[in-house]
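Structure record follows, encoded as structure tokens.
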Amino acid sequence: MKKREFIVPAIGVLIVVIIVVLGSFTPLISILNPTTGVIQNSRNLVIGNESVSLPGLTSKVVVVQDKNGVYHIYSSNTRDLYYALGFIQAKDRLEEIEVFGLEGMGQMQRMFGSSYYNYDKFQTLTGAPITAQKDWLSVVNNSATNATDLLTENAMQSYSSGINESINYSESHNTIPVLFKLLGVKPFYWTPVYSYAVQEIMTQQLEFGPDSLQFAILYSMMGNFTYNWLPTFSQIQTYYYGGYSGPVNQTILNMSHNTFSINSTVLSLAKNVLYQFRYDPPTYFNFSTSDHSNEIVVAGNRTTTGYPILMGGPVLGFSLPSIWFQVQLVGPGLDVYGVVLPGAPAIIIGFNQKIAWTLTDTQAISSGTFFFAQQLNGDSYLWNGTYYPLTHYSVNGFEVNWTNLGPVMAREGNTALVMDWVGNIVSNEIGVILKINSAGNWSQFRSDLSSWIAPYQNFAFANRTMIADISPSYYPIFGGATYNPASIMPGNGVEYISGSIPYDMVPQVVNPSQGFIVSSNQRQVGPGYPYWFGTTAGFSDEFRAQMEVDYLLNHTRVSESNIVNFQGTNYTDYAAQVAVPQILTYLQGNTNASVERAYSLLSGWNYNMTTDSLAASVWFFTDMYLFNDTFISLLNQRGLLQEYNSTIGTPSGMGGSYPNTSGLASLDIDLLNAILTGNASPFSNLSMKSLVVDSVIQAMNFLNEKYPSGNYTWGKFYGFLFPNLFGLSEFNVGPISKGGDFNTPNDASGVAPNAYPTGGQSWEMVINMSNVSRSYGVYPGGQSENPASPLYSNYVNDWINDTYLPLLFYPSSSSFPVNETMDVISLVPGGQ
Amino acid sequence: MMKIVSVSGFIISLLIVTIAGVLLLFTNVWYLVLLSGLVASIVVRKGYLVSALSGFVGGIAGILIIFLTLPLNNLGSLMSEVGAIAGISSVILMALMFLINGGLCLSGALIGTFITRVVKRSQ
């Protein structure tokens, strides 16, 4: 044959070689494969009635997806109910579920590669993966004798099987979610241990932090001045839902003012561990989050229906998909509606036929994370004069050592910094929530919560005749030398955790005489409380709670729509409400043109942070400049600014609203107190009047420079951004302008253009106890995690516009009206 | 007469490539669609031009048939999502899918035609 006759077949071979090379070095061939690649995922986007055969089911389960996309799961047995929940949730949220599991277990590298090494190492070091395994083991070991553990074991195993069946189903139909296909990884099979890892993640999000390390570093710089900087009790707060508003308990105050002096080695370790905290949360979700929340319960004698109303508004970082998945679960002895987390089969916040409940984070209390400086010698630690062997763990390829107090977070020679975190106490909060899902009264509800350990939460409760609130958790009591628990403590045995506050003494109230309860992250109990309960150093001031109390005091009879409107559109800034009248007295008579303009705007203002308000912008930036001139100037004068910034981080006002800064409730409280008392001492030698006037001038100069036309409305600086959970900015939604600020119910800190708030009330819920079927709620997001789905972000505009959706609550699938239905999925037993 | 034979050969080859290609796609091993072009060219034996054209067009037709099995309403938004994540235009991604399938079938057809010729010559 002639050479040229080989040219054409050689071209054919070359094409094949090019395609094979393309497939070997890029994921294109697997992604574009017509029968297994991404185009098959268009099947996942179909919304319509379907019947699915699942081998793990024992009887038929009917899943009604209502017109808003919410799933209502009806099963004749409990096992199938949780199985179906796992299947349905994974159908819409498998990527999210698996990422939460990996995040909790410190195994992010499995999916996202070695760039998550530091996060996985830190997460493993905290003990969360170890505790998740212990939690599940404890459930299994105790299920024969403990009803909660038995319920949990059955629910968790069924739920896990449901998730895994969804994975099998997707694999057999080539519809594994797009992210897995693009990353070239297979979903892993879920186990209950991962659910407990999710429990750990939530405890970390709500009750985990380096507050004590920051305090210790600050104390090493400022000494006793730290107590002015971060006071134990607020000078502003007057409402404590749990009482004890009497005089300061001097023993408790003395304890807070008895900070253990650390040496340079411990200080160095503290800085080291503080630095490691920067790896948490993982960088795939690199937006600032806030963990505040609102809860209000109003008694029947103050509502238009004569029955209680419960309002829930957990403030968490936003994401698409949302952290919440909205469902109704109906099975034997259970008919409950609300929101579940990815990877946990219990309705966290919701209602059933008889009760409603919601959760908020408690005041910080050192974020439930206590640090001790402990002496080590080789593989032993010293406790009360005796050396004991360290406990070694090898997890995720990392070596972790524990003393009797917890994991060794850092070690230098024989000195170690050990963390005693409430999240490392073996516990079964998922089981507690499963129990309260079917609770029928306060006594049962309260009893179920008695085994709640962490995170520190307030549980608001309402039924048709009563309202209540309780903050169950493991609040440590310190014995021995009782150094300040808000700082690093000695770990040689002179101070120790001797137990926890008795359940009857944790903050709680039933049917208070004023007819309402507000528990929105403020300190629950007053300065007269006989137990150490944290300081003002934390994530939330109490201004929002005070505003909510003011509203309820001024509205003696409220309707459900009043509460909906209040939650969604009341933008009253409590700090402005009390500070601006005082600020106006400082500005009065000043002839500076900027000051006169500010005076004119502020004097006619109703303290609402509405998007069209000019005065709102003047207040916000005045407050921020005042914060800066008061606190940052002091740090500068004392030569502490550089050290402070490099270790603790630059603070800014209103919860750290400026980009790359952090918030500290104490300083917001200190500032408001200074304005109200007219005394900036001990933070500044300048008069309050001169500080305020100067701040106003700076604020007006900034605003006029930014908007020379003078149209610097608040909406130009504030709005909400809803970021894609996986960091895919193409699928972010927003920013969208909306009123409010750090002191209003959507209390997200931030300011445009570089720090748009990315958090707020992640689930707004108002339950009408006169008829729970007439309740409303909305969360910013959608039921699907798939950006191509019409259900990816369909609730965002509803949330922005405060269009609460009816929480459709029907006891059976047959009673579900057709005109309220989007589709029906029949899950039937059968082999694949 | 010659042209008629070529056209009918092209159509038969196209049908073989398309049907065999779709069937082979359902093995989930994409590279196997190469065999559809190869088989068609061996069966029809109408030279490089006919086999190349029918191979490529048949490959594209095979993808179109796969599309018919999918809910097309959602395909655009899905491919936009994939394109956004991958950093490649969704149109380019779709075009690549057609090109790869067409290319594999075409390669099979060219190789098949060559094999036919070698066999014929050796006889």
Side-chain angles (χ1 to χ4, degrees), chain A residues 1-2 5-20 22-24 26-48 171-172 174-175 177-179 181-183 724 726-732 784-790 792, chain B residues 21-22 24-31 33-34 37-38 41 48 51-52 55 62-67 69-88 93-94 96-115 117-118 121:
Chain A
M1 291 181 80
K2 293 175 182 172
E5 290 184 59
F6 287 94
I7 292 174
V8 176
I11 291 171
V13 172
L14 184 64
I15 292 170
V16 175
V17 169
I18 290 170
I19 293 172
V20 169
L22 195 67
S24 303
T26 75
L28 270 176
I29 297 298
S30 63
I31 292 170
L32 296 177
N33 187 319
T35 49
T36 61
V38 291
I39 63 167
Q40 292 297 324
N41 287 67
S42 59
R43 297 178 196 280
N44 285 347
L45 299 170
V46 174
I47 295 171
E171 282 184 337
S172 64
N174 297 314
T175 52
V178 166
L179 195 63
K181 289 183 175 177
L182 291 175
L183 291 172
N724 178 271
F726 308 105
L728 302 167
S729 58
E730 299 86 352
F731 307 120
N732 293 352
S784 172
E785 67 186 354
N786 190 337
S789 166
Y792 171 67
Chain B
V22 169
L24 287 165
L25 278 174
F26 282 113
T27 65
N28 294 344
V29 182
W30 199 359
Y31 297 121
V33 296
L34 182 144
L38 192 130
S41 61
Y48 280 118
S51 61
I63 297 285
L64 289 172
I65 288 171
I66 293 290
F67 274 25
T69 67
L70 296 171
L72 293 178
N73 287 346
N74 306 319
L75 201 55
S77 56
L78 179 80
M79 291 310 288
S80 297
E81 174 194 348
V82 175
I85 299 171
I88 304 172
L93 282 174
M94 296 286 268
L96 266 175
M97 193 190 308
F98 283 102
L99 280 174
I100 291 168
N101 206 53
L104 285 169
C105 294
L106 179 142
S107 302
L110 295 180
I111 295 165
T113 306
F114 176 72
I115 291 168
R117 290 192 170 193
V118 171
R121 192 167 294 183

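To find a chain, count down the sequence lines: A is the first, B the second, and so on, and within it residues start at 1. Everything numeric in this text was worked out from a predicted model, so none of it was measured.
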*Heavy-atom distance under 4.5 Å to chain A: side chain of B:Leu106, backbone, both or neither?*
side chain

*Got A:Leu45 and A:Ser789 here, is their nearest side-chain heavy-atom distance under 4.5 Å?*
yes

*With chain A, which of B:Ala86, B:Gly108, B:Ser77 has the greatest number of heavy-atom pairs at distances under 4.5 Å?*
B:Ser77

*asked:* Report which part of B:Ile63 has an atom under 4.5 Å of a heavy atom belonging to chain A: side chain, backbone, both, or neither.
replied: side chain

*Go through the atoms of A:Ile29 and report whether side chain, backbone, both or neither lie under 4.5 Å from a heavy atom of chain B.*
both

*Would you call the rings of A:Phe6 and B:Phe114 parallel, tilted or perpendicular, where under 30° means parallel and over 60° means perpendicular?*
tilted

_side chain to side chain contact (heavy atoms under 4.5 Å, CB included) assessment of A:Leu22 paired with B:Ile100_ = CA-CA 10 Å; A:Leu22 195 67; B:Ile100 291 168; 4.2 Å; yes

*How about A:Asn41 and B:Val82: do any of their side-chain heavy atoms sit closer than 4.5 Å?*
no

*Between A:Thr36 and B:Trp30, is a side chain to side chain contact (heavy atoms under 4.5 Å, CB included) present by the stated rule, with each step listed?*
CA-CA 9 Å; A:Thr36 61; B:Trp30 199 359; over 6 Å; no

*Side chain, backbone, both or neither of A:Val38 within contact of chain B (heavy atoms, under 4.5 Å)*: both

_Euclidean distance, A:Ser42 OG relative to B:Glu81 CD, rounded to 0.5 Å_ = 11.5 Å

_Less than 4.5 Å to any heavy atom of chain A: does that hold for the side chain of B:Tyr31, its backbone, both, or neither?_
side chain

_If I measure from the heavy atoms of chain A, does B:Thr69 come under 4.5 Å with its side chain, its backbone, both, or neither?_
both

_Partner chain A: residue of B:Asn74, B:Thr27, B:Leu99 with the largest heavy-atom pair count (under 4.5 Å)_ = B:Asn74

*Would you say the side chain of A:Ile47 lies within less than 4.5 Å of the side chain of A:Pro790, judging by non-hydrogen atoms?*
yes

_Run A:Ile39 and B:Met79 through side chain to side chain contact (heavy atoms under 4.5 Å, CB included) and show every step you take._
CA-CA 7 Å; A:Ile39 63 167; B:Met79 291 310 288; 3.7 Å; yes

*asked:* What part of A:Ile19 gets within 4.5 angstrom of chain B, counting heavy atoms only: side chain, backbone, both, or neither?
replied: both

*asked:* Is B:Leu34 close to chain A through its backbone or its side chain, or both, or neither, when contacts mean heavy atoms under 4.5 Å?
replied: side chain

_Per-residue contact mode, A:Asn44 against chain B (heavy atom under 4.5 angstrom)_ = neither

_Which atoms of B:Ile66 are under 4.5 Å from chain A, going by heavy atoms: the side chain, the backbone, both sets, or neither?_
side chain

*Where does A:Leu728 contact chain B at under 4.5 Å (heavy atoms): side chain, backbone, both or neither?*
side chain

*Pick whichever of B:Leu78, B:Ile111, B:Leu93 has the most heavy-atom pairs under 4.5 Å with chain A.*
B:Leu78

*Compare all side-chain heavy atoms of A:Tyr792 with those of A:Asn786 and state whether any distance is below 4.5 angstrom.*
no

*At a heavy-atom separation under 4.5 Å, does B:Met97 approach chain A through its side chain, its backbone, both, or neither?*
both

_A:Ile31 portion near chain B, given a 4.5 angstrom heavy-atom threshold_ = side chain

